[in-house]
Novice: 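Let me begin by handing over the structure; questions about it come next.
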Amino acid sequence: MGRFAPTPSGKIHLGNVFSALMAWASVRSAGGKMILRIEDLDPRAQNQRVADDLMRDYEWLGLSWDEGPYYQSRRTDAYQEALETLGDRGLTYPCFCSRAELHATSAPHAADGTFVYQGTCRGLTPEQIAEKSKRRNPAIRLMVPDESSPLARITVVDRVYGTYSENLARDCGDFLIRRSDGVFAYQLAVVVDDGLMGVTEVVRGRDLLPSAARQTYLGGLLGFDRHEYSHVPLLMGPDGHRLSKRNLDTDVASLRDDGMDAKTIIGRLAEAVGIAEPGESLTADEFARRFSWEDIRTHKSDVVVDEKFFLK
């Protein structure tokens, strides 16, 4: 079981399509099923019109799903139950640190630039918590094992990038599972959803590889089986920055309005990972029939998308 998990914060661009195409082809080539989950926990992403546009773009590209759409904004009871389960086991605590305080007291992780939480609020007494709660709503953090504990080291074997290992205490620290505004954090929501929905493989951009260790640890605490991770190369702009929803010239709707068909888009993406010949066009079904993770491993460098990308 695989999944699409878009966030309806804007139009889907080629980077989103690339990851979705890999996820879909992996599942279809193995005879599996896909679910569609709309990750709209953040109130700023709760836009049905944008979600509907995302689904139409997937369908136009030939990417279908068997279950869903499921909306995270309608699944908060499941996240709350997981939060309470962890709290009852003494694995969580309230955190009152502001963003400025976090940046002032933390050192960035060398690999991905994230900030390692130093445990500032981990040892607060009940009296201190009560006093701080009068001035600020707390976030909730999940405790990770101490750095010297063998339980702190989590290793995953990614189908594209191989063995990835983190010492949770050193590389991320106690991490957020609910924000101070009451919104459940990405890490908790996706672990609960993937576990309850029976997802067995997660395919996504390599920028999310550092999350795999945290999610594996959290999934284990909640009693979920491990699933397989496959992180894929990123599509980059000529300036070296990752394509994002701000790159409006590479969103699917703009390309379609410019007269480009789905087969051309899929063909160029397939060519970038050695699955299609230069200039060849493919349907999504044709891509899935040729798909192999060996091809992706052989072409795991990031892909530059410039004005010549569609002229190859």
Novice: Could you tell me if the side chain of Asn137 sits less than 4.5 Å from the side chain of Asp181, heavy atoms only?
Specialist: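 Counting from C-beta outward, Asp181 and Asn137 never come under 4.5 Å.
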
Novice: Which atom pair, heavy atoms only, marks the closest approach of Cys97 to Tyr117?
Specialist: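 Distance-wise, the nearest heavy atoms are SG-OH, 3.5 Å.
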
Novice: Apply the test side chain to side chain contact (heavy atoms under 4.5 Å, CB included) to residues Glu294 and Arg297: give CA-CA distance (whole Å), side-chain angles for both, the deciding distance (0.1 Å), then the verdict.
Specialist: CA-CA 5 Å; Glu294 181 58 39; Arg297 283 191 289 271; 3.1 Å; yes

Novice: With sequence neighbours left out, which residue pairs that include part of residues 130-162 fulfil the ring-ring contact (aromatic ring centres under 6.0 Å, His included) condition?
Specialist: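 Pairs touching residues 130-162 that pass the test: none.
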
Novice: For Tyr70, what residues pass the ring pair (Phe, Tyr, Trp, His ring centres under 6.0 Å) criterion, not counting sequence neighbours?
Specialist: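 Listed in chain order: nothing, the list is empty.
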
Novice: Give, for atom OG1 of Thr85 and atom CZ of Arg89, the distance between the pair rounded to the nearest 0.5 Å.
Specialist: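 Taking OG1 in Thr85 and CZ in Arg89, the distance rounds to 8.5 Å.
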
Novice: In this structure, are over 12 heavy atoms from other groups packed under 6.0 Å from Lys300 atom NZ?
Specialist: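 Enclosed: over 12 neighbouring heavy atoms sit under 6.0 Å from NZ of Lys300.
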
Novice: Quick one: list whatever passes side-chain hydrogen bond (donor to acceptor under 3.5 Å, both in side chains) with Asp146, sequence neighbours left out.
Specialist: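 Per chain and number, Asp146 pairs via side-chain hydrogen bond (donor to acceptor under 3.5 Å, both in side chains) with no residue.
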
Novice: Just wondering, do Asp57 and Leu63 contact through their side chains at under 4.5 Å, heavy atoms?
Specialist: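 The answer is no, as the side chains (C-beta and beyond) never meet within the 4.5 Å cut-off.
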
Novice: Do the side chains of Pro233 and Ile296 get nearer than 4.5 Å, heavy atoms only?
Specialist: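 Sidechains of Pro233 and Ile296: in contact.
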
Novice: Any donor and acceptor pair, going by atom type alone, linking the side chain of Thr283 with main-chain N or O of Lys263 inside 3.5 Å?
Specialist: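 Such a contact is absent between Thr283 side chain and Lys263 backbone.
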
Novice: Would you compute the distance between atom CD1 of Ile265 and atom CE of Met260 and round it to the nearest 0.5 angstrom?
Specialist: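 Answer rounded to 0.5 Å: 6.0 Å.
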
Novice: Could I get the full list of salt bridge (charged side-chain N to carboxylate O under 4.0 Å, His left out) partners for Arg49, not counting sequence neighbours?
Specialist: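 Per chain and number, Arg49 pairs via salt bridge (charged side-chain N to carboxylate O under 4.0 Å, His left out) with Asp53.
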
Novice: State, to 0.1 Å, how close Thr92 and Gly87 come at their nearest heavy-atom pair, and which atoms those are.
Specialist: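 Smallest interatomic distance, heavy atoms only, reads OG1-CA, 3.4 Å.
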
Novice: Judged by atom type as modelled, is there a donor-acceptor pair below 3.5 Å linking the side chain of Arg178 to the main-chain atoms of Ile140?
Specialist: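 Such a contact is absent between Arg178 side chain and Ile140 backbone.
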
Novice: So, using side-chain contact (heavy atoms from CB on, under 4.5 Å) as the criterion, who are the partners of Pro69 when residues are at least two apart?
Specialist: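 For Pro69 the side-chain contact (heavy atoms from CB on, under 4.5 Å) partners, ignoring immediate neighbours, are Leu36, Ile38, Met55, Trp65, Tyr71.
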
Novice: Contact between Glu286 and Arg289 at the side-chain level, heavy atoms closer than 4.5 Å - yes or no?
Specialist: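 They are in side-chain contact.
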
Novice: Is Met197 close to Glu67 at the side-chain level, that is, under 4.5 Å between some pair of heavy atoms?
Specialist: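 Counting from C-beta outward, Glu67 and Met197 never come under 4.5 Å.
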
Novice: Would you mind checking if Arg206 and Asp158 are paired as a salt bridge, meaning a charged N to carboxylate O distance below 4.0 Å?
Specialist: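 A salt bridge is absent here (no side-chain N lies under 4.0 Å from a carboxylate O).
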
Novice: In Å, rounded to the nearest 0.5 Å, how long is the span from CZ of Arg204 to CZ of Arg3?
Specialist: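 The CZ atom of Arg3 is 6.0 Å from CZ of Arg204, to the nearest 0.5 Å.
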
Novice: Do you know the tightest heavy-atom contact between Pro145 and Ala169?
Specialist: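 That would be O-CB, 3.3 Å.
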
Novice: Do Ser26 and Glu201 come within less than 4.5 Å of each other through their side chains, counting heavy atoms only?
Specialist: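 In short, these two side chains touch, coming nearer than 4.5 Å.
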
Novice: Strictly by modelled atom types, are Asp257 and Ser254 linked by a side-chain donor-acceptor pair under 3.5 Å?
Specialist: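 Not at all, the side chains of Asp257 and Ser254 share no donor-acceptor pair under 3.5 Å.
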
Novice: Could you tell me whether Arg56 and Glu59 have a side-chain N and a carboxylate O separated by less than 4.0 Å?
Specialist: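 A salt bridge is absent here (no side-chain N lies under 4.0 Å from a carboxylate O).
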
Novice: Look at the side-chain heavy atoms of Ile, Leu, Val, Met, Phe, Trp and Tyr, link any pair under 4.5 Å apart, and say whether Val202 and Leu208 land in one connected group.
Specialist: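 No, Val202 and Leu208 fall in different hydrophobic clusters.
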
Novice: By side-chain hydrogen bond (donor to acceptor under 3.5 Å, both in side chains), which residues pair with Gln80, not counting sequence neighbours?
Specialist: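 Only Glu84 meet the side-chain hydrogen bond (donor to acceptor under 3.5 Å, both in side chains) criterion with Gln80.
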
Novice: Who passes side-chain hydrogen bond (donor to acceptor under 3.5 Å, both in side chains) against Glu39, sequence neighbours left out?
Specialist: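 Per chain and number, Glu39 pairs via side-chain hydrogen bond (donor to acceptor under 3.5 Å, both in side chains) with Arg37.
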
Novice: Compare every heavy atom of Leu282 with every heavy atom of Ala270, then report the nearest pair and how far apart it is.
Specialist: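 The answer is CB-CD1, 3.8 Å.
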
Novice: Run the side chain to side chain contact (heavy atoms under 4.5 Å, CB included) check on His231 and Tyr164 step by step: do they pass?
Specialist: CA-CA 11 Å; His231 290 81; Tyr164 178 82; over 6 Å; no

Novice: Kindly say whether Asp174 contributes a backbone atom to a donor-acceptor pair with the side chain of Arg141 at under 3.5 angstrom?
Specialist: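 Checking the backbone N and O of Asp174 against the side chain of Arg141, a donor-acceptor pair under 3.5 Å is found.
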
Novice: Quick check: do Ser9 and Arg44 have side-chain heavy atoms less than 4.5 Å from each other?
Specialist: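 No; the side chains remain at least 4.5 Å from each other.
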
Novice: Is there a path of hydrophobic side-chain contacts, each under 4.5 Å between heavy atoms of I, L, V, M, F, W or Y residues, that connects Leu209 with Met236?
Specialist: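 Looking at the clustering, Met236 is in a separate group from Leu209.
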
Novice: Nearest 0.5 Å, please: how far is CD in Glu280 from CD1 in Ile275?
Specialist: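 If I round to the nearest 0.5 Å, the distance is 11.0 Å.
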
Novice: Salt bridge (charged side-chain N to carboxylate O under 4.0 Å, His left out) with Arg226: which residues, sequence neighbours excluded?
Specialist: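 Listed in chain order: nothing, the list is empty.
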
Novice: Mind checking what makes ring pair (Phe, Tyr, Trp, His ring centres under 6.0 Å) contact with Phe18, not counting sequence neighbours?
Specialist: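 Ring pair (Phe, Tyr, Trp, His ring centres under 6.0 Å) list for Phe18, sorted by chain: empty.
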
Novice: Do Leu61 and Leu235 share a hydrophobic cluster, counting only Ile, Leu, Val, Met, Phe, Trp and Tyr and linking them when any side-chain heavy atoms are less than 4.5 Å apart?
Specialist: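 Per the 4.5 Å side-chain linkage, Leu61 and Leu235 are co-clustered.
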
Novice: If Ile, Leu, Val, Met, Phe, Trp and Tyr residues are connected whenever their side-chain heavy atoms lie under 4.5 Å apart, and connections chain through other members, are Phe184 and Leu91 in the same group?
Specialist: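 Shared cluster, yes.
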
Novice: Determine, for Arg214 against Glu166, whether the closest basic-nitrogen to carboxylate-oxygen distance falls under 4.0 angstrom.
Specialist: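 Salt bridge: yes.
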
Novice: Which residue pairs pass the salt bridge (charged side-chain N to carboxylate O under 4.0 Å, His left out) test with at least one member in residues 21-33, sequence neighbours excluded?
Specialist: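 Every pair satisfying salt bridge (charged side-chain N to carboxylate O under 4.0 Å, His left out) with a residue in residues 21-33: Arg28-Asp66.
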
Novice: Please determine whether residues Met34 and Val232 belong to a single hydrophobic cluster, defined as Ile, Leu, Val, Met, Phe, Trp and Tyr linked transitively by side-chain heavy-atom distances below 4.5 Å.
Specialist: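 Yes, it is one cluster - the side chains of Met34 and Val232 are joined through contacts under 4.5 Å.
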
Novice: Between Trp24 and Asp285, is there a side-chain heavy-atom distance shorter than 4.5 Å?
Specialist: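 Contact flag for Asp285/Trp24 side chains = yes.
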
Novice: Of all heavy-atom pairs between Leu54 and Pro8, which one has the smallest distance, and what is that distance?
Specialist: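 Answer, listing the atom of Leu54 first, then Pro8: CD1-CA, 3.6 Å.
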
Novice: Okay, side chain of Ser19, backbone of Asn16: is any donor-acceptor separation there less than 3.5 Å?
Specialist: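 Not confirmed, Ser19 side chain does not pair with Asn16 backbone.
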
Novice: With sequence neighbours left out, write down each residue that passes side-chain hydrogen bond (donor to acceptor under 3.5 Å, both in side chains) with Ser211, or none if nothing qualifies.
Specialist: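 If we apply the side-chain hydrogen bond (donor to acceptor under 3.5 Å, both in side chains) test to Ser211, skipping adjacent residues, the hits are Gln187.
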
Novice: Which distance, rounded to the nearest 0.5 Å, do you find between the CG of Asp225 and the CG of Asp194?
Specialist: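 It comes to 12.5 Å.
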
Novice: Can you tell me how far CG of Leu218 sits from CD1 of Ile154, rounded to the nearest 0.5 angstrom?
Specialist: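 The CG atom of Leu218 is 10.5 Å from CD1 of Ile154, to the nearest 0.5 Å.
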
Novice: So does Ala212 get a backbone contact from the side chain of Thr216, meaning a donor-acceptor N/O pair under 3.5 Å?
Specialist: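 Such a contact is found between Thr216 side chain and Ala212 backbone.
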
Novice: Are the side chain of Gln46 and the backbone of Asp40 linked by a donor-acceptor contact shorter than 3.5 Å?
Specialist: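 Yes: the side chain of Gln46 pairs with the backbone of Asp40.
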
Novice: Which residues satisfy the ring pair (Phe, Tyr, Trp, His ring centres under 6.0 Å) test with Trp60, sequence neighbours excluded?
Specialist: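 Scan of Trp60 (ring pair (Phe, Tyr, Trp, His ring centres under 6.0 Å), adjacent residues dropped) gives none.
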
Novice: How are the rings of Phe287 and Phe291 set relative to one another: parallel (under 30°), tilted (30 to 60°) or perpendicular (over 60°)?
Specialist: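 If you compare the ring of Phe287 with that of Phe291, the planes turn out tilted.
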
Novice: What's the shortest heavy-atom distance between Ala189 and Leu41, and which atoms?
Specialist: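 Reported closest heavy-atom pair: CB-CD1, 3.3 Å.
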
Novice: Give me the ring orientation class for Tyr58 and Phe4: parallel if the planes are under 30° apart, tilted from 30 to 60°, perpendicular past 60°.
Specialist: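 The rings of Tyr58 and Phe4 lie parallel, inter-plane angle below 30°.
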
Novice: Closer than 3.5 angstrom, by distance alone: can the side chain of Asn167 be matched with the main-chain N or O of Glu147 as a donor-acceptor pair?
Specialist: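 Yes, because the side chain of Asn167 sits within donor-acceptor range (under 3.5 Å) of the backbone of Glu147.
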
Novice: So among Leu21, Val252, Leu255, Asp251, which one has a side chain to side chain contact (heavy atoms under 4.5 Å, CB included) with Leu14?
Specialist: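 Testing each of Leu21, Val252, Leu255, Asp251 against Leu14, the sole residue satisfying side chain to side chain contact (heavy atoms under 4.5 Å, CB included) is Leu255.
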
